[in-house]
Amino acid sequence: MIKKCLFPAAGYGTRFLPATKSMPKEMMPIVNKPLIEYGVEEALDAGLNEICIVTGRGKRALADHFDTNYELEHQIKGTSKEETLKDIRHLIESCTFSYTRQREMKGLGHAILTGRAIIGDEPFAVVLADDLCIHPDDGVLSQMVRLYNQFRCSIVAIQEVPKDQTHKYGVIAGDIIREDLFRITDMIEKPKPENAPSNLAIIGRYILTPDIFDIIRDTPPGKNGEVQITDALLSQAKSGCVLGYKFKGKRFDCGSIEGYIEATNYCYDNLYLKK
Ligand code: UTP
């Protein structure tokens, strides 16, 4: 049974400067809820209530968000504003939160390896909170946990992207198992369209088996001098099995300004106004 979900959240978020100069990108709100809270809700919906967060310098707001604020609680007690804290209180009561710090930002692979101290030797999920995934009643992690229970190997969420966008993603090639599932045979990090093995891009949801940690440790830095999770996953795919899953639902790239605005408009119309 998977219980743990890792949130690498140590990156600099340079695309959102100056907003992210002293505030974590993962705390940017979509309407009135921070990105990371959407991710933790998705994890809890999938039955993962041990939340492990990789933080870094200037990221204390993350730990404060998932803790009780007694002064605020006291101030709004008995008023209608208490309602606004209902969802976050539920998360705080239902989950445990553990933190570890990535001292040098050496890439996503390195951030995941940093999480080893709090994950240990068990399969786990990874959520990149700046990829906001929305499904009305079956979250992407819930879909992936079910698949893991069937196949018992690492799984990455994939999405079809326009060919001219492949340079923003890890892109896979694979043998088709069923319409929405591929056994991965190749993976390239941020390829130019002419070098992309397909238009199936990896997005920020993973289920990883714990042997990935040793593989990441032995993976030399790749593109941009960063330790790439894509390179480690390709080694894992070659020596065992990694699946690519075309998830059901919507996904917004909230690490980019355009995606962030799109997500805000969508969530305001479809989640906030309909509450
Ligand atoms: P991104 O590349 O999207 O995030 O990494 P970034 O580096 O913070 O953003 P930009 O490109 O400068 O705007 C994907 C995820 O991996 C985490 C980030 O926090 C984000 O959630 N990450 C990335 C780490 O935790 N550590 C790293 O060294 C790099």
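Quick note: numbers below take in every heavy atom, side chains included, and nothing from hydrogens, waters or symmetry partners. Start at 1 and go down the list; that is how both ligands and their atoms are numbered.
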With a 4.0 Å cut-off on N to O distance, would you call [X] and [Y] a salt bridge?
X    : Y    : result
R146 : D138 : yes
R89  : E82  : yes
K106 : E104 : yes
E122 : K3   : no

*Sub-4.0 Å heavy-atom environment of ligand 1, residues by chain*: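 Lining ligand 1: P8, A9, A10, G11, Y12, G13, T14, R15, K25, E26, Q102, M105, K106, G107, L108, A111, L128, D130.
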
_With rounding to the nearest 0.5 angstrom, report the CG to CZ distance, D175 to F182._
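Separation between the atoms: 10.0 Å.
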
*What about Y266 and F252, are their ring centers closer than 6.0 Å?*
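For Y266 and F252, the ring centres are under 6.0 Å apart.
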
